[in-house]
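Notes follow the structure.
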Amino acid sequence: MASESQRAIEAILMVADHPIEAGLLAQVLEVSPSRVEELCAELQASYEAEDRGFSIVRVAGGYRYQSHPDLAPYVERFVLEGQHARLSAAALETLAIVAYKQPISRAQVAAIRGVSADGVLRTLEQRGYIAEVGRDPGPGQAVLYGTTGTLLERLGLDSLAQLPPLGQFVPGPEVVEALELGLRADAAAARPEGRADPAAGGDALSAETLEDSDG
Amino acid sequence: MASESQRAIEAILMVADHPIEAGLLAQVLEVSPSRVEELCAELQASYEAEDRGFSIVRVAGGYRYQSHPDLAPYVERFVLEGQHARLSAAALETLAIVAYKQPISRAQVAAIRGVSADGVLRTLEQRGYIAEVGRDPGPGQAVLYGTTGTLLERLGLDSLAQLPPLGQFVPGPEVVEALELGLRADAAAARPEGRADPAAGGDALSAETLEDSDG
Amino acid sequence: MPYTVSTPVFEGPFDLLLQLITREQVDLWEVSLSAIVDGYVATLESIQASLDLETATEFLLIAAVLLELKTRRLLPGPDDVELDEELALWEERDLLLARLLECKTFKDAAGALTRMMDNAGRSYARTAGLEERFAGLAPDPLLGVTAERLRDALQLTLTPRPGPRVDLDHVAPVRVSVADAVAELAEELPRVGTITFGRLTAALGERLEVIVRFLAVLELCKQGRLEIDQAGNFADLHLRWIGGDGGAGPDVAVEEYAG
């Protein structure tokens, strides 16, 4: 049976997203760092005895949980099958929201997407496509994200002003269909001037379609 | 002793950054989703039996690891952003209205609350708890709001179906009666026979008398 | 005596009215419409400077209904009031009552949400993500992405989803109409003669149904077809049919109260 200190270590390491130094754990638990090392070793021994799928390891001067090496084949399948497929669609959506609505907070992205965006934002940040560009002045001082030069390079754009203009309307299903058809048929002809000036907005489609739906 | 499938679930959830659907775990493990549910329940039971500092829970449609509520005082020293800031009473009331009446427009929320809901809805949207889920088909095409997966995570719920039924909060007969009496213009109707109907009686002259005796 | 509300902790007119009424609830028989109205008007005066036009209108509308109810009580008799006018007033009052009930319902629901959040808030989710050794497995999520695809992704994100994408079983509204309940009672009560409100509603499962019955009883009383008697505070209501053979009676134009 785990002691209070052991349970606290489990809880903290479970929530942490980077290795936590023994000294820091010792401070929070009010025990000595060497005691923390003992406790972690005991926990690890119990996980081994129970044949758990994870372990507590010491990396980069701190402790963290990681998946057991035995189970790498499963984790790899998980990454390839689920994680990635989901990530690319979600990443595209998230990146689009940040690109067009920056600076924007994590919560605002989540509100637009309807689901939490934390993981995707972290991935995009790790890849260098987005970065923290400021803090919200309001209470909570939420981190605000924007896109980076790396992203522009990747998209082959000189500046954000070259992003394709967004329609001023929220398209209904029939408009989206028309939009997709229009893009497939001859995107360039349908938007003779739209590309040049994103600030003009509202002309993402042929004029006829837009007139009906813009409002 | 944990089975291979259980170990694989532990390993996968350990590297996940959001709740993982039973369906995806089932796909990776090549078992049925209901088997995944059984395995997760068994794992959770073993953590409880061993008094671990973490648990596997099902929120917003997927499984995830989280710290045990007991250990919040320790964990809170490591959580940087004040993600658990309290919502105002007005925000919570509005959230309740959106949760139970979704999809719902701004004007419908205002009608129930009797005051404009714009500011509060914006706050809830910024936090990612509600989002635009559609447009009213009627004239004006009012934005309709609904709740998000982020809210489910915040409430610790797997799905909206786990919200307590609204009927549970409809005031009991005593409250209805009290409110009804408070608004009663014709006090005579429910009076016991002994008490005179002031409208018919001769003491209707002084407003003071009326207020005192007539309640 | 008028209530002085030093700090407006209420959020709107219903909030204020609920507070004033429930404060009076200490003794049901002492509930004073006059005090409630005075308190309401006094509060309205003290906060009017801080109200925007829309909110002020809502406050005033309710104040008007309240004042009319108060006037009505102070008048010597109903003879000098047009029947239509009186019915309209009753309707206003029932509507106000229904809205107060709705407001109270969501207040209590909000309380439940708060407790759930507080409980859930004591656990923190693991969000560590992939270990380095797996990081190389996930290809660049932006492989082959163009600026146009980015734009299209946002357009699609902002496109209204087809209908609510949420499971709404638990919020299936219980629809019961006061008009239906009135018709039902007008059918049943002449046969029974006298009955207590408790027995009348004993078989009902939903609270809302009880409330609707209650409003229907008031409606019948108001039409002069039913007598209500109560022995004392919180005692059961005794109902006695005095409306003849029953049947449809006068047209009942009552609001449907949807929960």
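Below, read A as the first sequence line, B as the second, and so on, with proteins coming before strands; counting in each chain starts at 1. This structure is a prediction, so every number in the text was calculated from the model and none was measured.
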key: Under 4.5 Å from any heavy atom of chain C - which part of B:Leu157   = side chain
query = With a 4.5 Å limit on heavy-atom distance, are the side chains of B:Glu76 and C:Tyr124 in contact?
reply = yes
Part of B:Leu151 within contact of chain C (heavy atom distance under 4.5 Å) = side chain
inquiry  = Main chain of B:Ser67, side chain of C:Ser123: is a donor-acceptor contact present, judged purely on distance under 3.5 Å?
reply    = yes
inquiry  = Which heavy atom of C:Ala109 sits nearest to which heavy atom of B:Leu166, and what is that distance?
reply    = CB-CD1, 4.2 Å
key: Closest non-hydrogen atom pair between B:Val170 and C:Thr105, with its separation   = CA-OG1, 3.7 Å
message = Tell me the closest heavy-atom pair linking C:Lys107 and B:Glu93, and the distance in Å.
response = NZ-OE2, 3.0 Å
task = May I ask you to test the C:Leu113-B:Leu163 pair for a side-chain heavy-atom distance under 4.5 Å?
result = yes
query = Which one of C:Asn119, C:Ile62, C:Leu96, C:Thr114 has the most heavy-atom pairs closer than 4.5 Å to chain B?
reply = C:Thr114
Value rounded to 0.5 Å, distance of CE in C:Met116 from CG in B:Leu155 = 5.0 Å
request  = Please tell me if the side chains of C:Arg126 and B:Ile56 come closer than 4.5 Å, counting only heavy atoms from C-beta onward.
outcome  = no
ask   = Can you name the nearest heavy-atom pair linking C:Lys104 to B:Pro171, along with the distance?
value = CG-CG, 3.7 Å
ask   = Does the B:Arg64 side chain pair with the main chain of C:Thr127, one donor and one acceptor, at a distance under 3.5 Å?
value = no
remark   = Turns out that what part of C:Phe106 lies under 4.5 Å from chain B's heavy atoms comes down to both
inquiry  = Taking side chain as everything from C-beta outward and backbone as N, CA, C, O, which of these in C:Leu61 sits under 4.5 Å from a heavy atom of chain B? Side chain, backbone, both or neither.
reply    = neither
ask   = Highest number of heavy-atom pairs under 4.5 Å with chain C: which of B:Ala96, B:Gly156, B:Pro19?
value = B:Ala96
